[in-house]
Amino acid sequence: MAKAIVPATTANLGPGFDALGLALNLYNIFTLEETGSGLEVNVLPEGEVRLPLNERNLAYRAAKRLLDEVGYTSLGLKLTIENDVPMGRGLGSSSTAIVGGLAAANVLAGARLTKDEIFALASEIEGHPDNVGPAIYGGFTICYPTQSGFKAVSYKPSDSLTPVILIPNSTLETKKARGVLPTEVSMTDAVFNIARSSLLASVILEGRADLLHDAMVDRLHQPYRAPLIPGLLDVIREVQSVPNVGIALSGAGPSLICIVEKTNQSRFSELVEGIIKEKQWDYTVKPAEFDLVGVTAS
């Protein structure tokens, strides 16, 4: 039996479309066991019917991919998934499935693939490295393409910063959110995002809370996805009025990731809860922490 614990992620971080991400301390757990025959998939808590319970299950497909890759065969498999990362909210639930399946299969097969090798497989399956990078390495990840695929580097965010997640009850399909993006952007917008992404990296590492507002602004995906999420721009506008706070879509949305000063997390959360209640917006405010380890498997 093998078990993998995988953190949630927030990808497309601010202006870092398909490049920057952070790992968060919400976790999905994937347990893989050998059995006599066939495939059994269980999802906890019981009643979570949105996940396929057959060969189409994403975690199983990732596990099978690694087992095939290393030439390991088994008579049957039992996969148990314990979900704590909200699905369809832009918090990397699908990435946890890919990484969890790969990491658990790696242990089960005794393959001893490194995190870099698992990242290469995960990026190939997922297609967007900033989704799986933080789940594998933890911390603040910068992902970039190479001639042979993708690579990533991970850094520890400043101790002075911490995340707060705004999670709506509504969901948004990633495929739909990606479908509204343009195939080309202006040079002005490209330069804008390059500048802000560079600024954001320094802000995350150095803890420059006074620059969070400017560093989290995006022009490449958020404006195009906003019409799919009613009230999004109103929520962002209200939160941006709070000093020393950065806010952006988490992944493809509809959740929002806020980065604040750690000493101000409780006060900020209370303030936003008050705004949400007053405006009657359907969001849950969840103070969180950065995960600094990434996937663990045993």
Side-chain angles (χ1 to χ4, degrees), residues 3-14 16 20-31 42-48 50-51 57-59 62 79-104 115 118 122 126 128 130-141 154 156-157 159 161-174 204 246-260 262 265-266 268-269 272-273 276 282-298:
K3 177 184 290 187
I5 303 173
V6 193
T9 65
T10 178
N12 298 324
L13 187 62
L20 304 182
L22 284 163
L24 305 171
N25 69 331
L26 302 174
Y27 301 92
N28 284 345
I29 302 173
F30 302 83
T31 304
N42 297 311
V43 179
L44 304 174
E46 293 182 3
E48 180 56 84
R50 296 179 59 196
L51 293 177
N57 184 278
L58 184 57
L79 171 65
T80 302
I81 303 171
E82 299 175 57
N83 271 329
D84 191 43
V85 179
M87 296 178 61
R89 303 303 206 285
L91 294 170
S93 62
S94 62
S95 294
T96 70
I98 294 169
V99 173
L102 291 172
K115 281 194 172 185
I118 290 175
E126 159 59 38
H128 304 104
D130 58 319
N131 291 322
V132 295
I136 293 171
Y137 298 107
F140 171 58
T141 60
S154 175
K156 180 179 180 293
D159 290 333
L161 301 178
T162 198
V164 175
I165 315 167
L166 308 186
I167 307 173
N169 282 330
S170 59
T171 62
L172 179 61
E173 293 183 12
T174 301
I204 294 293
I247 180 171
L249 272 180
S250 179
S255 292
L256 289 157
I257 180 70
C258 304
I259 300 178
V260 304
K262 184 173 289 187
Q265 186 187 56
S266 296
F268 171 78
S269 298
V272 174
E273 284 175 352
I276 287 172
D282 194 18
Y283 283 84
T284 297
V285 179
K286 187 171 184 61
E289 297 177 5
F290 298 126
D291 173 275
L292 303 178
V293 177
V295 60
T296 59
S298 59

Trainee: Residues two or more places apart in sequence or in another chain: which of them pass ring-ring contact (aromatic ring centres under 6.0 Å, His included) with Y137?
Mentor: F119
Trainee: Roughly how far apart are I257 CD1 and N12 CG, rounded to 0.5 Å?
Mentor: 12.5 Å
Trainee: Please enumerate all residues that pass salt bridge (Lys or Arg N to Asp or Glu O under 4.0 Å) together with K262, with sequence neighbours excluded.
Mentor: none
Trainee: Measuring from S250:OG to L166:CG, what's the distance to the nearest 0.5 Å?
Mentor: 10.0 Å
Trainee: Atom CG in L292, atom CG in D159: separation rounded to 0.5 Å?
Mentor: 8.0 Å
Trainee: Under a plain distance cut-off of 3.5 Å, with no hydrogens placed, do N83 and N28 share a side-chain donor-acceptor pair?
Mentor: yes
Trainee: Could you grab the distance from atom CD1 of I259 to atom OG1 of T162, nearest 0.5 Å is fine?
Mentor: 9.5 Å
Trainee: Does any N or O in the side chain of S154 come within less than 3.5 Å of the main-chain N or O of G138, such that one atom is a donor and the other an acceptor?
Mentor: yes
Trainee: For L22, does its backbone N or O pair with a side-chain atom of T10 as donor and acceptor, under 3.5 Å?
Mentor: no
Trainee: Got a donor-acceptor contact below 3.5 angstrom from the Q265 side chain to the A288 backbone?
Mentor: yes
Trainee: Could you go through I165 and L26, starting from their C-alpha distance and side-chain angles, then the distance that decides it, and tell me whether this counts as side chain to side chain contact (heavy atoms under 4.5 Å, CB included)?
Mentor: CA-CA 11 Å; I165 315 167; L26 302 174; 4.1 Å; yes
Trainee: Can you list the residues that meet the side-chain contact (heavy atoms from CB on, under 4.5 Å) rule with S95, with sequence neighbours excluded?
Mentor: E126, N131, V132
Trainee: Under 4.5 Å between any side-chain heavy atoms of V272 and Y283, yes or no?
Mentor: no
Trainee: With a 4.5 Å cut-off on side-chain heavy atoms, are I118 and V295 touching?
Mentor: no
Trainee: Strictly distance-based, threshold 3.5 Å: is any side-chain N or O of R89 a donor or acceptor partner for the main-chain N or O of S170?
Mentor: yes
Trainee: Of the non-hydrogen atoms in P86 and I167, which two are nearest, and what is the gap between them?
Mentor: CG-CD1, 4.3 Å
Trainee: Does atom NZ of K115 have more than 12 heavy-atom neighbours, drawn from other residues, nucleotides or ligands, at distances under 6.0 Å?
Mentor: yes
Trainee: Residues two or more places apart in sequence or in another chain: which of them pass side-chain contact (heavy atoms from CB on, under 4.5 Å) with A59?
Mentor: F30, N57, L79, I81, A97
Trainee: For P287 and S269, work out which heavy atoms get closest and say how close.
Mentor: CG-OG, 3.5 Å
Trainee: Please list, chain by chain and in numerical order, all residues satisfying side-chain contact (heavy atoms from CB on, under 4.5 Å) with T284, sequence neighbours excluded.
Mentor: none
Trainee: Return the minimal non-hydrogen interatomic distance between G14 and A248, and the atom names on each side.
Mentor: CA-CB, 3.7 Å
Trainee: For residues G100 and A4, report the shortest heavy-atom separation together with the two atoms involved.
Mentor: O-CB, 3.7 Å
Trainee: For the pair H128 and T174, evaluate side chain to side chain contact (heavy atoms under 4.5 Å, CB included) and give the outcome as yes or no after the intermediate values.
Mentor: CA-CA 12 Å; H128 304 104; T174 301; over 6 Å; no
Trainee: Please report the closest heavy-atom contact between A135 and V99, naming both atoms and the distance.
Mentor: CB-CG2, 4.0 Å
Trainee: Count the heavy atoms of every other residue, nucleotide or ligand shown that sit under 6.0 Å from CD of E273, and state whether that count exceeds 12.
Mentor: yes
Trainee: Going from CD1 on I29 to NZ on K3, what distance comes out if it is rounded to the nearest 0.5 angstrom?
Mentor: 6.0 Å
Trainee: Return the minimal non-hydrogen interatomic distance between I136 and A122, and the atom names on each side.
Mentor: CD1-CB, 4.0 Å
Trainee: From S93 OG over to L58 CG, what is the distance, rounded to the nearest 0.5 angstrom?
Mentor: 9.0 Å
Trainee: Please evaluate residues L256 and L249 with respect to the criterion side chain to side chain contact (heavy atoms under 4.5 Å, CB included), reporting the C-alpha separation (whole Å), side-chain torsions for both, the decisive distance (0.1 Å), and the verdict.
Mentor: CA-CA 5 Å; L256 289 157; L249 272 180; 4.2 Å; yes
Trainee: Is there side-chain contact between P168 and S255, with heavy atoms separated by less than 4.5 Å?
Mentor: yes
Trainee: Under 3.5 Å, side chain of N169 to main-chain N/O of D282, donor-acceptor pair present?
Mentor: no
Trainee: Kindly write out the residues that satisfy side-chain contact (heavy atoms from CB on, under 4.5 Å) with T80, not counting sequence neighbours, or none if the list is empty.
Mentor: T31, N42, L44, K78
